[in-house]
**Student:** 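One structure, pasted below without further comment.
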Amino acid sequence: MSKRLIPYITMNGNAKEAIEFYEKALDAQLLFIQTFGEMPENPDFPIPAEVKERVGHATLKVGETELMFSDTFPGSPFSSGNQVSICITTDSVEQAQTMFDALQQGGQVGMPLQETHFSPAYGNVTDKFGVTFQIFTEARS
């Protein structure tokens, strides 16, 4: 099993600008970017036209580490200065569930741990200290 902690920065519609800035400022390399419009459609949650160009997820390589980014989805709360969370990446669904269950004790679940189009087990939770964690399980090949 592997486990990594990755800073995850949420922007309010200006993630592409921030990514370009950090590419230059930190001599970073863009590894992946996907807009909300490029994600698979979910008929229960249609994507409004005005957000289709916003960043749904991006990863920058900075030296030996990574930084992840996304824009907020309309209606999601955003507070400048408090937009960094920690993404815990694992390759084990069981490990993801154990960490998620432990972190939610006394905290608040933002998205239950569940299978998504990009992960066999993804969710987010704010722990009892106010720290937000995203639990991301890598798909096994």
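Every value quoted in this text rests on a predicted model; they were computed, and no experiment measured them. Hydrogens, waters and symmetry mates play no part in the numbers below; they use all other heavy atoms, side chains included.
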**Student:** List the steps, then state whether side-chain hydrogen bond (donor to acceptor under 3.5 Å, both in side chains) holds for R54 with T72.
**Tutor:** CA-CA 8 Å; R54 283 188 174 204; T72 56; 3.2 Å; yes

**Student:** Look at the rings of H57 and F32 and say which category their plane angle falls in: under 30° parallel, 30 to 60° tilted, over 60° perpendicular.
**Tutor:** tilted

**Student:** Do you know the tightest heavy-atom contact between S2 and D91?
**Tutor:** N-OD1, 3.0 Å

**Student:** Could you report the tightest heavy-atom contact between L113 and A121, atom names first, then the distance?
**Tutor:**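 In terms of heavy atoms, the two residues are closest at CD1-C, 3.8 Å.
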
**Student:** CD of E38: more than 12 outside heavy atoms within 6.0 angstrom?
**Tutor:**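 Yes, the 6.0 Å shell around CD holds more than 12 heavy atoms from other groups.
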
**Student:** Which heavy atom in T137 sits nearest to a heavy atom in S119, and how many Å separate them?
**Tutor:** O-OG, 2.7 Å

**Student:** Determine whether a donor-acceptor pair (N or O, by modelled atom type, separation under 3.5 Å) exists between the side chain of N124 and the backbone of I135.
**Tutor:**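 No, N124 side chain to I135 backbone: no donor-acceptor pair under 3.5 Å.
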
**Student:** Given the rule in the side-chain hydrogen bond (donor to acceptor under 3.5 Å, both in side chains) test, do E53 and T35 qualify, once you have shown the distances and angles that lead to the verdict?
**Tutor:** CA-CA 5 Å; E53 291 305 310; T35 65; 5.1 Å; no

**Student:** Around atom CD of Q34, are there more than 12 heavy atoms of other residues, nucleotides or ligands at under 6.0 Å?
**Tutor:** yes

**Student:** Identify each donor-acceptor pair in which a side-chain atom of residues 40-48 lies under 3.5 Å from a protein atom, sequence neighbours left out, and give them as a table.
**Tutor:**
{"from": "N42", "atom 1": "OD1", "to": "D44", "atom 2": "N", "distance (Å)": "2.9"}

**Student:** Can R4 and E138 be said to form a salt bridge (charged side-chain N to carboxylate O under 4.0 Å, His left out), step by step?
**Tutor:** CA-CA 11 Å; R4 295 181 294 146; E138 296 174 325; 3.1 Å; yes

**Student:** Side chains of Q134 and Y122: donor-acceptor distance under 3.5 Å anywhere?
**Tutor:**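 Yes, Y122 and Q134 have a side-chain donor paired with an acceptor closer than 3.5 Å.
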
**Student:** With rounding to the nearest 0.5 angstrom, report the CD to CD distance, E20 to E23.
**Tutor:**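 E20 CD to E23 CD: 7.0 Å, rounded to 0.5 Å.
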
**Student:** Tell me the closest heavy-atom pair linking C87 and F136, and the distance in Å.
**Tutor:** SG-CB, 3.8 Å

**Student:** Go through the steps for D71 and T10 under the test side chain to side chain contact (heavy atoms under 4.5 Å, CB included), then give the verdict.
**Tutor:** CA-CA 5 Å; D71 277 312; T10 303; over 6 Å; no

**Student:** Go through F73 and F36 one step at a time and tell me if the ring-ring contact (aromatic ring centres under 6.0 Å, His included) criterion holds.
**Tutor:** CA-CA 9 Å; F73 199 79; F36 284 113; 5.3 Å; yes

**Student:** If you apply the rule side chain to side chain contact (heavy atoms under 4.5 Å, CB included), what do you find for V93 with Q95, and how did you get there?
**Tutor:** CA-CA 5 Å; V93 171; Q95 187 178 56; over 6 Å; no

**Student:** What's the shortest heavy-atom distance between F133 and D127, and which atoms?
**Tutor:** CE1-OD2, 3.4 Å

**Student:** Apply the test ring-ring contact (aromatic ring centres under 6.0 Å, His included) to residues Y22 and F69: give CA-CA distance (whole Å), side-chain angles for both, the deciding distance (0.1 Å), then the verdict.
**Tutor:** CA-CA 11 Å; Y22 292 122; F69 291 85; 5.7 Å; yes

**Student:** Using side chain to side chain contact (heavy atoms under 4.5 Å, CB included) as the criterion, point out the one residue from V131, I88, V109, T126 that pairs with L103.
**Tutor:** I88

**Student:** So, T59 versus E66: side-chain donor-acceptor pair below 3.5 Å or not?
**Tutor:**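 No, no side-chain donor-acceptor pair sits under 3.5 Å.
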
**Student:** Shared ILVMFWY cluster between I19 and V62, side chains joined below 4.5 angstrom?
**Tutor:**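 Yes, because I19 and V62 connect within a single hydrophobic cluster, where side-chain heavy atoms sit under 4.5 Å apart.
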
